2 protein chains.
Amino acid sequence: MSDWQKLNVAERRRQSPRVAVSTVAFALRPPAHARVHAKDEEQGLWLPLVRRVRAPFKDAWALPGGPTAWNQTLTQTAHATLVAATRIEPSYLEQLYSFGSVERSADAERLVTIAYWAQYSARDAAGATAAAGEDTNVAWFRADALPDLAFDHGEIIATALTRLRSRTAYAAVAHRFLDPEFTLAQLREVHEIILGHPLDPANFRRQMLASKTLEETGHSLAGVKHRPAKTYRYRPEED
Amino acid sequence: MSDWQKLNVAERRRQSPRVAVSTVAFALRPPAHARVHAKDEEQGLWLPLVRRVRAPFKDAWALPGGPTAWNQTLTQTAHATLVAATRIEPSYLEQLYSFGSVERSADAERLVTIAYWAQYSARDAAGATAAAGEDTNVAWFRADALPDLAFDHGEIIATALTRLRSRTAYAAVAHRFLDPEFTLAQLREVHEIILGHPLDPANFRRQMLASKTLEETGHSLAGVKHRPAKTYRYRPEED
DNA sequence: TCAATAGTGTCTATAAGACATTATTTT
DNA sequence: AAAATAATGTCTTATAGACACTATTGA
């Protein structure tokens, strides 16, 4: 029993709210060995959830996360709790928004959630150890087929999806889902998955190359039954 | 003496961090009756600060704010603490970012600050009561001439300025600094103050009118020694 | 040769930016 | 008439989107 639960209502009202960090971590595919909750494994937006083992919302699915640690920054806490749940290192992590809904029950514990969003690259996910799959309380879901969620985690995921889509329009987000070397068709497919609609290959190519953030690797992807595509790597704009 | 201060170090480490809300509240001019800390009163970006009356950072200037209340949302707390400090109702309020820097001293209290940013319109500031000026611990400063600040409030203000500028580029932010009816020259001047550089009057006019968010009032601003300008009001896009 | 995808070229519509020109008011 | 700013017009350049066309591979 936690310290919190020993307090009466009046005491709880004087307390500072509990502060938790939660992370919405997107990947294009569930990692190897992962437990998945979806019928097909097509590309799409996937994210890991953790089954709660205690009240409130016992047995419901929730975002990976946990309470703030006294000696860690918020970002460090987000990172540590995400890696603890999935055993995989994300390639990107950024703060999303803070949620502090008021629970109407006088008995309820006041909770402030500082939400983060993260991205896993194909390489991150491929390197997952079999050990990660052993935790039956962690599973991967498609973002368009989520279970009922604990707390306001449904709202948090919706906010993360909106942020991911708006960022994709102007920032270099998509390449982080891929390997360091990728073709323009692969990059376009990521954009299409995130945005939810098809893009013109010719125009997409021209826009990406005009941004000056892609660099030819000199390699190409042979073995396909058509003209092989050149591969590129992402190179941040330097001025 | 607060409950917190009675705890020893080990106990503090088990505690949840304190959660405070702070607000960066921009206005084009300091309100009537306000105490100001700047030599001239030209238009610019101004914001209210509160002098701390207790440790830590006793006597330093800080953003208006306060601890989260058990029965209020974060936004409600931001609003209430801002109005308590300035006695003026803001025309806009939105969450900015959460800051959770780790104080390196083992003795230090861990603090998470959920920052908001707000806007005051000319009308908001004009309606300020004389009573607000009586509080000697509240004063208005120009954003480009700030004093030393408590906590990480300098970083918070810098983040708010960046957000304000990027929002101005694509969202209808500027009109909230003005009265409900305004001329295109006034609106342009606000953009210039926020962005920090001059804009072409002709092109600015065409872009604003093309956005379909401005509506003619039918009035114009006479009394000037040149052709009087038509006034407009902001009308959110409906589809 | 055909199928399939990589990659290029071209046309149109739209918008930004620079800047000239006309319009309307007070002094 | 002069000064000052409002409001409009025009030209250039850049970019998005639609879509036709060429290039290169394996079967």
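In what follows, chains are A, B, ... by sequence order, proteins preceding strands, each numbered from 1. These numbers were taken from a predicted model, which means no experiment stands behind them.
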Under a 4.0 Å N-O cut-off, is there an ion pair linking B:Glu216 with B:Arg233? no

Rounded to whole angstroms, how far apart are CG on A:Leu199 and P on D:dC19? 15 Å

Quick one: list whatever passes side chain to side chain donor-acceptor pair (under 3.5 Å) with A:Thr162, sequence neighbours left out. none

Output the rounded distance in Å from CG (B:Leu184) to C1' (C:dA23). 16 Å

Could you tell me whether A:Trp61 and A:His37 have their ring centroids closer than 6.0 angstrom? yes

Within this structure, what is the OG1-CD1 distance for the pair A:Thr168 and A:Ile193, rounded to the nearest 0.5 Å? 11.5 Å

If I take atom CZ in residue A:Phe204 and atom P in nucleotide C:dT5, what distance separates them, rounded to the nearest angstrom? 17 Å

Going by modelled atom types, is there a donor-acceptor pair between the base of D:dA23 and the side chain of A:Arg227 at under 3.5 Å? yes

B:Pro228, nearest nucleotide to its side chain (from C:dT25, C:dT5, D:dA7): C:dT25

Please state how far atom NZ in B:Lys225 lies from atom P in C:dT25, giving the value in whole angstrom units. 17 Å

On the 0 to 90° scale, with breaks at 30° and 60°, tag the B:Tyr97-B:Phe99 ring pair as parallel, tilted or perpendicular. perpendicular

Report the C-alpha distance between B:Glu181 and B:His219 in whole Å, list the side-chain angles of each, state the deciding distance to 0.1 Å, and finish with yes or no for side chain to side chain donor-acceptor pair (under 3.5 Å). CA-CA 9 Å; B:Glu181 295 192 12; B:His219 310 147; 3.0 Å; yes

Rounded interatomic separation in angstrom, taking CD from A:Glu189 and P from C:dA6: 10 Å

First encountered from the 5' end of DNA chain D, between A:Gly223 and B:Lys230: B:Lys230

Could you encode protein contacts along nucleotides 10-18 of chain C as a string, one character per nucleotide from 5' to 3', using B for base contact, S for sugar-phosphate-only contact and - for no contact, with a heavy-atom cut-off of under 4.0 Å? B-----SBB

Quick one: A:His226 NE2 to C:dG7 P, roughly how many Å, whole number? 9 Å

Using the ring centroid of each side chain, check whether A:Tyr120 and A:Trp46 are separated by less than 6.0 Å. no

A:Phe182 CZ - C:dA6 P separation (whole Å): 15 Å

Nucleotide C:dA23, atom P - distance to CZ of B:Arg205 in whole Å: 15 Å

